[in-house]
Amino acid sequence: MSRDYPNMTPDLHRYAVGHSEQDERLEALGRETDALGSVAKMQMAPEQAALMTVLVKAMGARRAVEIGTFTGYGSIAIARGLPTDGILVTCDVSEEYTAIARRHIESAGLADRIDIRTDPALETLAGLEPDPPFDFAFIDADKESYPAYHEAVLRLLRPGGLIVVDNVFRNGDVIDGSITDPGVLAIRELNDTIASDPRVASRAMIGVADGIILATKA
């Protein structure tokens with residue numbers, strides 16, 4: 001079954017952002033990230049950040065893990081959904097970008113809720129214990145490692161825990177069979193894996209930002 005929906009025009013996007021949770025702290029971080037130039041495209045979209053906060057809060061998550069801190073926009077959004085005694089472990093190898101994240105996380109009053117790790121993410125994930133298990137995982141880092149990240153977070157999550165995977169459309173490249181970029185191939189592989197993985201109880205791919213998958217662990 002196919003339905004036609006309106007395209008996300010710039011005006012409609014501004015309307016969506018304006019009706020999603022946003023504040024001066026995230027807006028200031030967004031402006032600083034934009035000033036970094038072309039890498040700013042790695043920042044989570046504002047409406048997606050609002051969705052992360054809602055999801056984490058709605059599921060009552062207490063322990064979360066994020067792969068890909070960048071400048072901390074998503075980290076703040078996720079941590080805001082956690083209770084005051086919750087914890088987010090977030091991974092990124094860039095000291096430059098995580099320095100920005102640390103400043104804004106501190107200003108947001110969330111430093112006690114966010115543990116930034118700057119070793120390679122797979123090393124950090126391998127060193128985490130699944131007891132107590134994590135409730136929520138967000139994957140948004142180097143695309144070629146997406147399948148490996150999926151395996152790593154499945155080990156850490158509780159049954160019913162939620163995995164959110166970003167950039168699953170890869171600007172539309174995932175449906176263009178002529179594109180063989182390694183990152184696109186890895187995302188296709190993970191999209192197909194999640195669609196049939198018996199370790200996943202439920203899943204939905206939705207058109208937020210560059211596409212995200214929501215998947216619960218069986």
Side-chain angles (χ1 to χ4, degrees), residues 29-30 33 36-46 48-49 51-53 55-56 61 63-79 81 87-102 104-105 114-128 130 134-157 161-171 173-174 179 181-194 197 200 203 205-206 208-215 217:
L29 175 51
T33 303
L36 296 174
S38 61
V39 296
K41 64 185 179 182
M42 295 193 297
Q43 179 180 278
M44 180 183 290
Q48 185 179 355
L51 177 61
M52 294 301 105
T53 302
L55 288 172
V56 172
R63 288 168 57 79
V65 60
E66 176 187 35
I67 305 168
T69 312
F70 192 36
T71 58
Y73 197 97
S75 306
I76 291 172
I78 293 167
I87 187 70
L88 167 67
V89 178
T90 183
C91 312
D92 202 299
V93 293
S94 172
E95 295 287 354
E96 175 188 359
Y97 299 145
T98 55
I100 297 172
R102 290 180 196 278
H104 285 271
I105 287 167
I114 300 177
D115 178 6
I116 299 177
R117 309 284 184 94
T118 53
D119 293 320
L122 288 173
E123 292 181 15
T124 296
L125 296 170
L128 296 175
F134 286 77
D135 305 293
F136 178 90
F138 179 60
I139 300 174
D140 182 20
D142 60 296
K143 309 313 174 192
E144 293 180 44
S145 298
Y146 265 33
Y149 292 146
H150 174 65
E151 294 298 322
V153 299
L154 273 176
R155 181 183 72 87
L156 297 171
L157 283 178
L162 180 65
I163 302 171
V164 180
V165 187
D166 200 13
N167 301 119
V168 297
F169 292 166
R170 200 58 171 162
N171 298 312
D173 289 349
V174 290
I179 295 176
D181 172 80
V184 174
L185 293 179
I187 290 174
R188 283 188 196 137
E189 176 187 340
L190 181 55
N191 291 348
D192 291 345
T193 294
I194 290 176
D197 193 338
V200 172
R203 78 279 293 167
M205 181 181 287
I206 60 176
V208 174
D210 189 28
I212 62 174
I213 285 178
L214 309 175
K217 180 178 175 179

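Computed from a predicted structure; not experimentally measured. The figures that follow rest on heavy atoms only: side chains count, while hydrogens, waters and symmetry mates do not.
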How far does [atom1] of [X] sit from [atom2] of [Y], to the nearest 0.5 angstrom?
X	Y	atom1	atom2	result
F138	I212	CZ	CD1	7.5 Å
F136	R63	CZ	CZ	14.5 Å
I76	L29	CD1	CG	5.5 Å
L190	Y146	CG	OH	8.5 Å
I179	D173	CD1	CG	3.5 Å
F169	I213	CZ	CD1	9.0 Å

Any residue meeting salt bridge (Lys or Arg N to Asp or Glu O under 4.0 Å) with E189, in chain and number order, not counting sequence neighbours:
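Checked E189 against salt bridge (Lys or Arg N to Asp or Glu O under 4.0 Å); zero matches.
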Residues that D181 engages under salt bridge (Lys or Arg N to Asp or Glu O under 4.0 Å), provided they are two or more places apart:
none
How far apart are the C-alpha atoms of V93 and D119, what are their side-chain angles, what is the distance that settles it, and do they pass the side-chain contact (heavy atoms from CB on, under 4.5 Å) test?
CA-CA 6 Å; V93 293; D119 293 320; over 6 Å; no
Check whether any side-chain N or O of [X] sits under 3.5 Å from a backbone N or O of [Y] as a donor-acceptor pair, and report yes or no.
X	Y	result
R203	I194	yes
K217	L157	yes
D140	D166	no
R170	V184	no

Shortest non-hydrogen separation from [X] to [Y] and the atoms involved:
X	Y	answer
E144	P182	CD-CB, 3.6 Å
A77	T53	O-OG1, 2.6 Å
Q48	A209	OE1-CB, 3.5 Å
A49	Y73	CB-CE2, 3.5 Å
S75	E66	OG-OE1, 2.5 Å
A215	V200	CB-CG1, 3.9 Å

Side chains of [X] and [Y]: does their closest heavy-atom pair fall under 4.5 Å?
X	Y	result
L55	L214	yes
T124	V65	no
L154	I163	yes

Taking only residues two or more places apart in sequence, or in another chain, which ones meet [X] in a side chain to side chain contact (heavy atoms under 4.5 Å, CB included)?
X	result
Y97	L36, V39, M42, F70, T71, S94
T98	T69, D92, E95, I116, T118
A152	L122, L125
N171	D210

Report the C-alpha separation of R102 and I105 in whole Å, then their side-chain angles, then the decisive distance to 0.1 Å, and conclude whether the side-chain contact (heavy atoms from CB on, under 4.5 Å) test is met.
CA-CA 5 Å; R102 290 180 196 278; I105 287 167; 5.7 Å; no
side-chain contact (heavy atoms from CB on, under 4.5 Å) partner of V168, the single match among I139, I206, N191:
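So, applying the side-chain contact (heavy atoms from CB on, under 4.5 Å) to V168 and each of I139, I206, N191, only N191 qualifies.
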